[in-house]
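What follows is a set of notes on a single structure, which appears directly below.
A, B, ... follow the sequence lines: proteins, then strands. Residue 1 opens every chain. All figures in this text were calculated on a predicted structure; none of them were measured in a lab.
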Number of protein chains: 2
Amino acid sequence: MTIGQKIRELRENAGLKQRELAYKLGVGEGFLSKVENDQKPLKREDLTKLNELFKTPIEELESLWLANKLYSIVRDEESALTALKVAEEQVKYKNLKNA
Amino acid sequence: MTIGQKIRELRENAGLKQRELAYKLGVGEGFLSKVENDQKPLKREDLTKLNELFKTPIEELESLWLANKLYSIVRDEESALTALKVAEEQVKYKNLKNA
DNA sequence: TTGTACTTGTCTAAATATGGTCAAATTTAA
DNA sequence: TTAAATTTGACCATATTTAGACAAGTACAA
């Protein structure tokens, strides 16, 4: 599940056209299309709007949004998986220290 | 292990001062200090130089370098771990498709 | 075949990240 | 207690990313 897939799912379940959701978000429909196809990132603040519009947990939107950002960085990398795991270790280590 | 820690380790094992390695890399010592403390990223091309200087596997340098970039993005994020895992799934899925 | 929905390519301004410098402060070692 | 080594803070130019607009193209029903 990507952030784009999630947004499309939410929109379709609400019976909205791209143009309608785009209007509610204050962007053009072309842009929303790219967002749903994970070709462009949505502005982070707009996650709040999605949360209000669709009553969906903001935590899930945030983590999918962030995951998309990470993926776009490692997508073409040889060492993608290794790097992700190393970063994970670093996060865990930091969490330990601050616990 | 972070990229900064790795670089420091390599430098110290080679018996070099920061100023000496900085010179070989063509940067100032202040900058190298920040690199070793993971406060600044090293230019990616310079990984090749490190590889040549210290005969250390480039793959490890690359993945640590990339991990550092990822970590700097998720460092202050609530959903850091979840996002990393989601990104991991996406990488695995992509690898399956292209296999 | 015309309209509706969606996608895609090209372009842009503004924001952010990169890749540093330099001087001053601090730490460590002799 | 100095001197050498390292760290830190402030600053800066350039490169890249973000967050879009807009027009043209495609897909598909009616």
Side-chain angles (χ1 to χ4, degrees), chain A residues 2-51 53 61-62 64-77 80 83 87, chain B residues 2-51 53 61-62 64-77 80 83 87:
Chain A
T2 69
I3 181 70
Q5 285 166 4
K6 185 71 194 176
I7 292 173
R8 170 160 291 164
E9 181 184 298
L10 290 168
R11 175 178 63 79
E12 288 179 341
N13 286 161
L16 293 176
K17 305 294 178 193
Q18 275 188 357
R19 192 177 327 102
E20 300 174 301
L21 176 56
Y23 178 76
K24 285 175 191 289
L25 292 176
V27 301
E29 63 182 317
F31 182 67
L32 182 57
S33 169
K34 287 173 187 167
V35 168
E36 289 189 356
N37 289 292
D38 296 303
Q39 287 163 26
K40 289 281 183 176
L42 191 63
K43 218 194 321 184
R44 191 167 192 167
E45 301 89 89
D46 287 345
L47 297 180
T48 313
K49 291 191 199 167
L50 292 176
N51 167 251
L53 282 171
L61 295 176
E62 293 272 6
L64 288 177
W65 184 90
L66 196 55
N68 190 253
K69 193 166 174 175
L70 297 177
Y71 181 69
S72 74
I73 289 173
V74 302
R75 189 171 36 207
D76 303 317
E77 295 288 348
Chain B
T2 70
I3 182 69
Q5 285 166 4
K6 185 72 194 175
I7 293 173
R8 169 159 294 164
E9 181 184 299
L10 290 168
R11 174 178 64 80
E12 288 180 342
N13 286 160
L16 293 176
K17 304 294 178 194
Q18 276 188 356
R19 191 178 325 102
E20 300 175 299
L21 176 55
Y23 178 77
K24 286 174 190 288
L25 292 175
V27 301
E29 61 183 317
F31 183 67
L32 182 57
S33 169
K34 286 171 190 170
V35 168
E36 290 190 356
N37 289 291
D38 295 303
Q39 287 162 24
K40 290 281 183 175
L42 190 64
K43 218 193 324 182
R44 193 167 190 166
E45 300 90 88
D46 286 345
L47 297 180
T48 313
K49 291 192 198 166
L50 291 176
N51 166 253
L53 282 171
L61 295 176
E62 292 273 4
L64 288 178
W65 184 91
L66 196 55
N68 190 254
K69 194 166 174 175
L70 297 177
Y71 181 70
S72 75
I73 289 173
V74 302
R75 189 171 37 208
D76 303 316
E77 296 288 346

Could you walk me through whether A:R44 and A:E62 pass the salt bridge (Lys or Arg N to Asp or Glu O under 4.0 Å) check? CA-CA 8 Å; A:R44 191 167 192 167; A:E62 293 272 6; 2.8 Å; yes
Any chance you could list the contact pattern along nucleotides 22-30 of chain C? Use B for base contacts, S for sugar-phosphate-only contacts and - for none, protein heavy atoms under 4.0 Å, 5' to 3'. ---------
Shortest non-hydrogen contact between [X] and [Y], atoms and distance:
X	Y	value
A:N51	A:L61	N-CD1, 3.9 Å
A:L32	A:Q18	CD2-O, 3.3 Å
A:A80	A:V74	CB-O, 3.5 Å

Nearest-Å distance for atom pair [atom1]/[atom2], residues [X] and [N]:
X	N	atom1	atom2	answer
B:N37	D:dG9	CG	P	11 Å
A:Q39	C:dG9	CD	P	8 Å
A:K40	C:dC11	NZ	P	13 Å
A:R44	D:dT18	CZ	C1'	14 Å
B:L32	C:dG19	CG	C1'	13 Å
A:D46	D:dT18	CG	P	15 Å
B:L25	C:dG20	CG	P	9 Å
B:E29	D:dT8	CD	P	14 Å

Nucleic acid contacts of residues 67-77 of chain B, taken as heavy-atom distances under 4.0 Å to DNA chain D: none
Between A:R11 and A:E36, is a salt bridge (Lys or Arg N to Asp or Glu O under 4.0 Å) present by the stated rule, with each step listed? CA-CA 10 Å; A:R11 175 178 63 79; A:E36 289 189 356; 2.6 Å; yes
How would you label the contact of B:L42 with the nucleic acid (heavy atoms, under 4.0 Å): base, sugar-phosphate, or nothing? sugar-phosphate
Students often get this wrong, so: under 4.0 angstrom with heavy atoms, is B:K43 touching a base, only sugar-phosphate, or nothing? sugar-phosphate
Is there a donor-acceptor pair under 3.5 Å between the side chain of [X] and the backbone N or O of [Y]?
X	Y	result
B:W65	B:L42	yes
A:N37	A:S33	yes
A:E12	A:E9	no

On the nucleotide C:dC6, are OP1 or OP2 found under 4.0 Å from the side-chain N or O atoms that A:S33 carries? no
Would one find more than 12 heavy atoms of other residues, nucleotides or ligands at under 6.0 Å from atom CZ of A:R8?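 Atom CZ in A:R8 is packed in, count exceeds 12.
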So, taking the atom named CG in B:D38 and the one named CZ in B:R75, what distance separates them when rounded to the nearest 0.5 Å?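 Answer rounded to 0.5 Å: 9.0 Å.
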Interface residues of residues 8-19 of chain A with DNA chain C (non-hydrogen, below 4.0 angstrom): A:R8, A:R11, A:K17, A:Q18, A:R19
Check whether the side chains of B:T2 and B:N68 place a donor and an acceptor atom closer than 3.5 Å, and report yes or no.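 Not at all, the side chains of B:T2 and B:N68 share no donor-acceptor pair under 3.5 Å.
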